Structure formats: C-alpha cells, structure tokens
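The first residue in the sequence is number 1, and the count goes up from there. Here the structure is a predicted model, which is why all the values come from computation and not from measurement. For ligands, and for the atoms within them, numbers begin at 1 and follow the listed sequence. Values below: every heavy atom of this structure, side chains too, minus hydrogens, waters and symmetry copies.
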Amino acid sequence: MILTGTTGLAGVIGWPVAHSLSPRLHNFWLEALGIDGAYIPLAVKPENLSLALWALPALGFKGANITVPHKEQALALVEKSDSFAKQIGAVNTIRVDEKGRLIGSNTDAYGFIKNLKSEARHWRPSRPVLVLGAGGAARAVCVALLSVGVREIRICNRTHSRAEGMAEEIGGPLVALHWGDREDAAEGVGLLVNTTKLGMTGAPKLRMPLTKLPPSAIVNDIVYTPLMTPLLASAGERGNRIIDGLGMLLHQAQPSFTAWYGKKPKVTQALRNHVLGG
Ligand code: ATR
C-alpha cells in the first residue's frame, strides 16, 4: 500500500486500542474495493479525547470509529448525532462532513440486528427476549430489539439497580429482573443474548442454566474471543440455534465504512476468515 497526500484516512480511537480488529476489517475492504484509503489504530488517552476528535478535520480524516472507553464521552463532543446514538447514549462512528463538522452515529444496534437477521432468517420479534447484562453493549442490543418491534425484553444483570436504570432510561417494554432469576427468565423466550464479558478468554465463565430455555430459542453471544463460548457450546449441544459474536462486529462496521468512503462493502466468509486470521 502506498500512502499519499490524497489517501482517504479513517481510524479507530480507543484506549487501549491494540486489540481492535477494526483495522484488519476496514483495510480488507479498502483493498478489496480498490479504494485509496487507510484505516489506522489511534491510541488516545481519555483526557485527550476532545483534542483528538477536534483534530480529525484538521488532519483531513474522513472520520473514525470510537471504542472503549470513549463512546459515551464522544456523544457529548460531536456536533450532531443520530437517533440510535442518542438512545444508546454512545457514539461509535464519527464522520467529518464537508464543513468539517463532527457527525456522530451509533452502528452497533444496526450491526446486532443485521447479523441476527442474516444468521437466523426465521427469527421474529413476537416472542420475549432475555438480555444478560446492562452495560453499554446491552443498551445497543435493547435499542436494536425495540427498533424492530420486540414487545418484551427481560434484562438480568448482576447489579440490579443498573438493569432498572437502563429499563427506565430506554423505556418501552423493558423489564429488570434479578440476576439470580435468570434461569426462570429464559422460559418462553425466542432469543437469549449475552452482553456481559463472562465467557471471554480470561474472564470467569457465564453460569447460565438453560433448562427452561425453549429448544426453538436462538442464543447469541456477543463475546467473540473465543468464538465458541461455553454458553454457545452448551446451547448448541441441546439443539438451540447459536450465533457467535463476530458477526455483530463485522456488520456494525459496514455503515461506518459507507459513511466515509461512499461504497457499501460486503460481509463475507472471506472477510470473516481474514479478520480471524490474527
Ligand atoms: P460494556 O460497555 O462492554 O457492555 P460494561 O459496561 O463494563 O461493558 O458492562 C459489563 C456487563 O457485564 C455488566 O452488565 C456487568 O454487570 P454489573 O453491571 O453488575 O457490573 C456484567 N458483568 C461483569 N462481570 C460480571 C460477573 N462476574 N458476573 C455477572 N455479571 C458481570
């Protein structure tokens, strides 16, 4: 790749950022589509976030992804933001517009739903959904589910007050349940989503008894290291349809790329393999 003064720049701003898979993903698309562009990891400390964001137009960047721990702070720093970003309370994509303004959006909700629909075409929003966790990822998942008309979302979180706060803030058919009641809460659901970090490499295992989960329910873990989490393995063993966490990451990247480079890239098996290639 030869970088010139006209190369279209974008990147991911996080702290730390070295673990991010986004550079592999976006640079794969840039190359596949023959675009003169480069996507760069940008390690920015929290106290430098506003400086870094305001520098994007000055440096000629088309925009950037925003990741942990900056997503909430970024919402307050952009000039405009879309309804998903406002509802979720976080920005994961910034586009620099023609006037040099920072336009924020959140593509996590889109990524979650797009992945769910492409992996489980038969899924319908008519049955209740059980969401484990009440952090930033849970907010995006709940907002996504509401946007497609889910009528009941049960939230189980270790810290009950956090589940209650999220249910109150997002509104709609969200019900906060106790972490200890998660086994019973799986009764009658059409979808179970883990948004906690439990099951991730190095984190404790998620203890989620699946005895009450209907055999027809889909189980989606947003953890993708490992791809086959203990939750997905036990759900798969009892015959539930399982969806791993990588798809949401790939699909959330697509609208960001389109916002910067004006072309719609595809989420393919080749992309998955490349991103997993390490
Ligand atoms: P993110 O923004 O990525 O969702 P987060 O805001 O730190 O990350 O949220 C992590 C989620 O994992 C929370 O729901 C957290 O529960 P608490 O609100 O009680 O902290 C959940 N979590 C983390 N460790 C956990 C554990 N050992 N047992 C149960 N839940 C856990």
Give me the nearest non-hydrogen protein atom to [atom] as residue plus atom name, then the distance to 0.1 Å.
atom	answer
atom 22 (N) of ligand 1	Arg158 NH2, 4.0 Å
atom 2 (O) of ligand 1	Gly136 N, 3.0 Å
atom 9 (O) of ligand 1	Gly135 CA, 3.6 Å
atom 28 (N) of ligand 1	Leu198 CD1, 3.4 Å
atom 4 (O) of ligand 1	Ala137 N, 3.0 Å
atom 17 (P) of ligand 1	Thr159 OG1, 3.4 Å
atom 15 (C) of ligand 1	Asn157 OD1, 3.9 Å

State whether a side-chain donor-acceptor pair under 3.5 Å links [X] with [Y].
X	Y	result
Asn273	Gln269	yes
Asp36	Thr7	yes
Gln252	Ser256	no
Thr6	Thr4	yes
Arg127	Ser216	yes

Centre of Trp179's six-membered ring, under 6.0 Å away, within 45 degrees of the axis: is that where NZ or CZ of Arg182 sits?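 Yes - Arg182 lies over the ring of Trp179, closer than 6.0 Å to its centre and within 45° of its axis.
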Answer side chain, backbone, both or neither: which part of Ala134 comes under 4.0 Å from ligand 1, heavy atoms only.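 Ala134 to ligand 1: backbone contact only, side chain stays beyond 4.0 Å.
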Location of contacts on Arg162 toward ligand 1, heavy atoms closer than 4.0 Å: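 Only the side chain of Arg162 comes within reach of ligand 1.
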Lys71/Asp108 ion pair, N-O < 4.0 Å: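 Salt bridge between Lys71 and Asp108, a charged N being under 4.0 Å from a carboxylate O: yes.
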Hey, is CD on Glu47 packed in by over 12 heavy atoms from elsewhere, all under 6.0 Å?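 It does: Glu47 CD has more than 12 such atoms within range.
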For [X], counting its heavy atoms only, list the atoms of ligand 1 lying under 4.0 Å from any of them.
X	value
Trp179	29 (C)
Gly133	14 (O)
Lys197	1 (P), 3 (O), 5 (P), 7 (O), 8 (O), 10 (C), 12 (O)

Heavy-atom pair with the smallest gap, counting every atom of Leu9 and Leu59: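 Smallest heavy-atom distance, with atoms named: CD1-O, 4.5 Å.
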Minimum non-hydrogen distance to atom 11 (C) of ligand 1, winning option of Thr196, Asn194, Val223, Thr67: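 Nearest heavy atom to atom 11 (C) of ligand 1 lies in Thr196.
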